[in-house]
Amino acid sequence: MATVTDLWGDDPRIEIWRDGEPAADASCVMLWVQRSQRARANLVANLAVELAKELDLPVIAVFAMTPGFPSATLRSYHFMAEGLATLADDFAARRIGWQLEIGDPVERIPVAARKLGAAAVITDVNPLRIGREWRRDVADVLEVPLVAVDSDVVVPSSLFPKEEYAARTIRPKIYRVLEDYLHRIPDPLPPVESFHREGPDPLGALDAFDLDRSVAPAPDRHGGSGIARDRMRTFVAERLATYHEDRSRADIEAGTGLSPYLHFGQIAPMEVALAVRDADVSQEAKDAMFNELIVQRELSINNALRNPDYDRYEGLPDWAKKTLAAHASDPRPEVYSYEEFDDARTDDDLWNAAMTQMIHEGFMPNRLRMYWGKQILRWTESPQDAWEIAVRLNDRYFIDGRDANSYANIAWCIGGRHDRPFGPDRDIFGIVRPMGMGAMKRTFNVKRYIEQVRSRWG
DNA sequence: ATCGGCTCGCGCAA
DNA sequence: TGCGCGAAGCCGAT
């Protein structure tokens, strides 16, 4: 049989992590579910099915839920586990088996592959450092090929091999090939049905995990592909038509609210993009949505993939680090400690309201995510401190913390990433674009937003 | 209410 | 080598 490089090496959506021929006399094709935590509209599952057809084998999906993820909170794990809880049935509907492993994927995945007699392991692409280390370490000990499919972007990330400078540099490249990639993802069935089902209930398994339980599950925002799809349909039916006008408003629900679902791969960006494309709304509304869903999101993913310091202050553009250094000793109007930020105890009612929503709901409207980050820069001793505090709060409270989008957002706020310099040179910010209360008042009813948060959370 | 200038560097035209 | 213009700002002039 041919090697996986012979089979798929030229496909821009495929990464070969361990080359070789799929094992002969195997019992299944193993689908290592990591980032694409869904059974449908899943190009990873589809490649596993393609190979299974070739070999006349069943497909078994395996997820390794690690109890040891750094500073993990109950909130993000609970959301993920709610999504995983439906996967056994969702995969069964595609004749695919299911196994939930508890433990470090680097240990559990190779063991599961051996026990299940996998011909090869097919997984998803993850742009973050830890995800890439997992794939590298699994590939090192695996005895069969490991292939990853870039299933959570519309345009494959490999088409952008260099670090993109800004939205304006990646946008034309995306639109040039968008038609080639914007297609409905089918749900083909493997030739042999698997009835394999093993492992605990994921929500119950969390009881034994060492999680930070002071960050409670988000109310009214439950994980799962079905819920994600419902939310997408509601957005398209009720809010997409005015998205280009309303997207910056925090005082009404204007966005999709899909970012946590996209983060855990419970919905494919392709599904959302097609629902938007096919909706009966103005081109202006569609363009505005595509800009967020495809251009900015895939720009953030490019940043994580191509900038080795995407989650560190050092990774900011040189012009920004230079100007921030020149203003490092400027006096700050206020300086707050991490604890004061974490308690939403600044002297700014809007910032506190945004932080309060983040603490309780694991969510913040997109416009406020900018204001929130810009003020942290204004109110800390150094831009390095601002970076550390923003990342720490982000990863602690947002359901979709530790996302490529989070790092790009914080990098935009603090260090002009994907932005341009903005004169004149001013205190603290230098020529990094400032943002203050004026910009907020110009775009939405600040008082109304604060009252909404207070009525919900005191 | 609207407008220009501030400031840097990418990418394209030439 | 020159030039247009850019993730969504701010300030002052008109």
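What's counted below: heavy atoms across the whole structure, side chains too, no hydrogens, waters or symmetry copies.
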Are A:Glu314 and A:Lys321 within salt-bridge range, i.e. N to O under 4.0 Å?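 No.
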Quick one: do A:Arg132 and A:Glu15 make a salt bridge, cutoff under 4.0 Å?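 The answer is yes: the pair qualifies as a salt bridge.
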Base-pairing mate for [N] - Watson-Crick or G-U, with both contacts under 3.5 Å:
N: C:dA7; result: none
N: B:dT7; result: none
N: C:dG2; result: B:dC12

Between C:dA7 (P) and A:Asp287 (CG): distance, integer Å: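 Roughly 14 Å, once rounded to whole Å.
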Which nucleotide, [options], lies nearest any side-chain atom of [X]?
X: A:Arg168; options: B:dC10, B:dG11, B:dT7; answer: B:dC10
X: A:Met370; options: C:dA7, C:dC10, B:dG9; answer: C:dA7
X: A:Ala439; options: B:dC10, B:dG11, C:dC10; answer: C:dC10
X: A:Ala166; options: C:dC10, C:dA7, B:dT7; answer: C:dA7
X: A:Ser248; options: B:dC10, C:dG6, C:dA8; answer: C:dA8

Spatial distance of atom CD1 (A:Ile431) from atom CZ (A:Arg420) [nearest 0.5 Å]: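 That separation rounds to 11.5 Å.
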So, OP1 or OP2 of C:dG9: does either fall under 4.0 Å of a side-chain N or O from A:Arg367?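 Result: yes.
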Is the charged tip of A:Arg378 near the ring of A:Phe429: under 6.0 Å from the six-membered ring centre and within 45° of its axis?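 Not satisfied by the 6.0 Å and 45° rule.
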Classify the nucleic acid contact of A:Phe422 as base, sugar-phosphate or nothing, counting any heavy atom under 4.0 Å across all strands shown.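 Base contact.
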